[in-house]
Amino acid sequence: MSSELRDEISNKSDRLGLEEYRHSTAHVLADAVKQLFPGTKLGIGPAIKNGFYYDFDQESRFSDSDFVAIEKRMREIIAKDLPFERSVVSREEARRIFEAQGESYKLELLSKVPDDEEVVLYRHGDFVDLCRGPHVESTGRLGVFKLTSVAGAYWLGDEHNPMLQRIYGAAFTDERELEEHLRLVEEAKKRDHRILGRQLDLFSIDEEAGAGLVYWHPNGAMLKHIIEDFWLKEHLKRGYELLSTPHIAKSSLWHASGHYSYYKENMYILPVGNEEYVLKPMNCPMHLQVYRSRVRSYRELPIRYAELGTVYRRERSGTLHGMFRVRGFTQDDAHIFCTPEQVEAEVGSVVDLALHMLKVFGFEQLGIDLSLMDRGKRQDYIGDPEVWDRSEAILRKVLQAKSLDFREMLGEAAFYGPKIDFQLVDIYGHKQQGATIQLDFNLPKRLDLDYIGSDGSEQHVVLIHRTILGALERFVAALIESCGGAFPLWLSPKQIAVLPITDTQHEFASKVRDDLLDAGFRVLLDDRNEKLGFKIREHTKLPYLLIIGKREQAEGSVSVRRRFEGQIGAMKLDEFISMAREEAQKRVIFTEGDRR
RNA sequence: GCCGGCGUAGCUCAGUGGUAGAGCAGCUGAUUCGUAAUCAGCAGGUCGUAGGUUCAACCCCUAUCGCCGGCUCCA
């Protein structure tokens with residue numbers, strides 16, 4: 001056996017071992033809760049990333065103040081070292097057991113076990129659960145865990161079902177790993193874009209003025225502008241054309257597009273006199289208007305229309321989350337109109353563009369989903385199933401041709417077509433929806449989007465909806481968290497701070513500032529009457545600090561301090577400018593110090 | 001939208017059925033300083049909002065808005 005193969009197998013077995021460990025800990029949690037809160041009914045209790053959860057149905061409400069008692073009881077169960085015993089029973093036997101305990105949810109699960117599968121129970125002590133397993137040998141093997149939170153969760157994830165109480169826990173086989181995990185969670189809180197957004201004065205959301213509506217402050221607006229500028233250049237290079245379209249349109253447009261029937265609950269609808277307008281939740285109908293403004297020839301195709309289009313969606317209140325989930329946001333949207341023959345190549349180049357652009361921002365690790373129609377819910381989609389089959393096959397083929405790893409997600413498609421979704425994965429493994437590429441044979445048919453083919457006949461165009469960054473708000477939030485607010489030089493709203501030591505150097509310092517501004521840098525002069533150490537501390541997240549004291553003034557130089565690295569020495573301003581200019585032009589993401 | 005928790009100064013937080021507190025930030029003054037917090041003084045809140053209970057509510061109750069953790073949804 002090759003050593004690689006052996007490693008792979010042992011990694012896999014470690015992973016399985018950890019899953020068993022976590023899932024077994026969930027059983028102990030359920031046992032403890034049932035002991036402490038008689039009458040509690042069980043939902044499900046799987047292992048998840050970093051730990052486990054278990055769902056409970058119980059009149060009284062759990063709160064984290066109950067955790068102390070529950071954890072104590074769990075540790076008692078663990079101390080008894082009760083063996084986990086597997087048994088295969090008949091359906092009747094299982095039904096009898098769960099009926100006796102009033103475990104209605106378990107009975108529901110039991111009824112869903114396929115006929116050709118055996119019914120497996122796991123016991124430890126007096127606790128019994130319907131469960132495929134496997135488990136660790138006995139409760140004594142467990143012990144490194146911590147209950148972390150309690151939250152509501154719908155039974156079987158369906159909002160029409162009753163809501164159960166879910167208790168989450170973290171669990172590892174090693175005490176140090178648990179501590180490390182808890183430390184990382186704390187660390188992640190400090191990188192939270194909502195916290196950094198305020199500290200760095202990037203943006204705010206004012207609840208009085210409207211939840212989910214973002215105010216970009218000067219620093220944030222600058223950052224957004226830099227991203228948009230880069231975005232535009234990349235698109236113009238690739239044959240996209242820029243569009244600018246209205247924010248509202250009469251209802252009739254949205255009836256025609258299908259949004260009024262499939263998307264109404266998310267739309268802001270504005271009555272104006274005896275007419276009705278809709279604040280746009282998507283840009284596509286607007287882009288289609290431009291396409292339809294005259295007859296199109298096959299010679300013009302593909303047409304690629306791009307717009308940083310701001311859209312408004314009435315998201316349900318509980319779903320809002322900083323800039324990750326807002327009600328007004330700017331999509332880096334584009335619509336590609338092409339012939340059926342061009343589809344594959346166009347989708348392929350969009351995938352390439354997405355991979356390229358996201359990499360420039362430091363997102364090298366991506367999750368890719370192929371989002372498909374749920375054939376069981378036809379009423380949620382427009383168009384013929386055969387067209388859907390064809391569309392889905394094209395997307396699948398493109399991903400396979402590029403040897404990209406992807407997951408197929410049933411029921412995740414848009415109402416008008418299947419899509420490829422890219423998730424940004426941050427350093428903690430959290431995923432955020434970024435790019436999306438949606439293939440649409442349906443709207444062109446529905447709205448008569450045609451072109452004149454080479455034979456003079458009218459053909460339906462094929463439409464590709466796509467964004468690369470997703471929404472600027474969400475993208476910037478992910479960017480803030482991925483770099484912890486320490487933006488790479490090319491993106492940093494302020495790139496350089498000039499710090500005079502005493503006011504004797506103010507004149508020279510402002511000249512340095514002006515020279516840097518002339519050289520095209522975004523510069524801040526901190527000439528406040530504060531000590532140097534204080535000023536350095538206040539600007540630790542900036543890529544470069546230039547310190548100017550008596551010596552530098554006399555020599556006409558600057559003392560350069562690089563973020564996370566400290567002093568890198570004094571140099572002539574010109575020297576610094578060419579060094580920094582190169583770093584910015586190359587769009588260097590991490591300097592040595594950043595990787596620390 | 002649903003479940004739970006929480007809304008006190010710009011921020012982070014303490015507090016109590018009987019006249020609102022700290023640190024940081026802010027302002028004023030002093031200090032002119034060499035690589036992650038100089039000192040002093042001043043100012044700042046109808047305790048999210050609206051009702052109710054009470055002699056008295058920041059505290060108890062109800063509603064509402066919002067935030068946080070999840071669920072559902074999603075760019």
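Naming: A, B, ... by sequence-line order, numbering from 1 per chain.
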Among [options], the one nearest [X] by side-chain distance:
X: A/Asp503; options: B/rU32, B/rU35, B/rC2; value: B/rU32
X: A/Leu532; options: B/rC71, B/rG34, B/rG4; value: B/rG34
X: A/Ser559; options: B/rA75, B/rU35, B/rU72; value: B/rU35
X: A/Ile501; options: B/rA75, B/rG34, B/rU72; value: B/rG34
X: A/Thr319; options: B/rG1, B/rA75, B/rU32; value: B/rG1
X: A/Arg474; options: B/rG1, B/rA75, B/rC3; value: B/rA75
X: A/Ile547; options: B/rG34, B/rA36, B/rC71; value: B/rG34
X: A/Tyr168; options: B/rU35, B/rG70, B/rA75; value: B/rG70

Subject >> Sugar-phosphate only, base, or nothing, as touched by A/Arg61 at under 4.0 Å among non-hydrogen atoms >> reply: sugar-phosphate
**OP:** Would you indicate what A/Gln567 reaches in the nucleic acid, counting non-hydrogen atoms under 4.0 angstrom: base, sugar-phosphate, or nothing?
**Re:** base
Polar-atom pairs under 3.5 Å, protein N or O versus N or O of nucleotides 22-29 of chain B: list them with distances, or write none.
none

Original post:
Any stems for RNA chain B, made of 3 or more Watson-Crick or G-U pairs in a row, each with both distances under 3.5 Å?
Top reply: B:1-7 with B:65-71, B:10-13 with B:21-24, B:26-30 with B:38-42, B:48-52 with B:60-64
Subject >> Distance, rounded to the nearest Å, where A/Lys531 contributes NZ and B/rC39 contributes C1' >> reply: 10 Å
Subject >> Spacing of A/Arg537 atom CZ relative to B/rU38 atom C1', expressed in whole Å >> reply: 14 Å
**OP:** Would you kindly compare A/Ala414 and A/Thr504 by the position of their nearest RNA chain B nucleotide and give the one closer to the 5′ end?
**Re:** A/Thr504
Subject >> Closest-nucleotide 5' rank along RNA chain B - winner of A/Gly533 and A/Gly434 >> reply: A/Gly533
Nucleotide N/O of nucleotides 61-69 of chain B paired with protein N/O under 3.5 Å:
| from | atom 1 | to | atom 2 | distance (Å) |
| --- | --- | --- | --- | --- |
| B/rG66 | O2' | A/Glu207 | OE1 | 3.0 |
| B/rG66 | O2' | A/Glu207 | OE2 | 3.4 |
| B/rC68 | OP1 | A/Arg194 | NH1 | 2.8 |
| B/rG69 | OP1 | A/Arg194 | NH2 | 2.8 |
| B/rG69 | OP2 | A/Arg194 | NH1 | 3.2 |
| B/rG69 | OP2 | A/His321 | ND1 | 3.4 |

Below 3.5 Å is the cut-off: list the nitrogen or oxygen pairs between protein and nucleotides 9-15 of chain B, distance only.
| from | atom 1 | to | atom 2 | distance (Å) |
| --- | --- | --- | --- | --- |
| B/rC11 | O3' | A/Arg198 | NH2 | 3.4 |
| B/rU12 | OP1 | A/Arg198 | NH2 | 2.9 |

**OP:** Could you tell me whether A/Glu346 and A/Arg466 have a side-chain N and a carboxylate O separated by less than 4.0 Å?
**Re:** no
Original post:
What parts of residues 41-48 of chain A reach RNA chain B, counting only heavy atoms under 4.0 Å away?
Top reply: none
Original post:
How would you list, by chain and number, every residue that makes a side-chain hydrogen bond (donor to acceptor under 3.5 Å, both in side chains) with A/Arg325, sequence neighbours excluded?
Top reply: A/Glu315
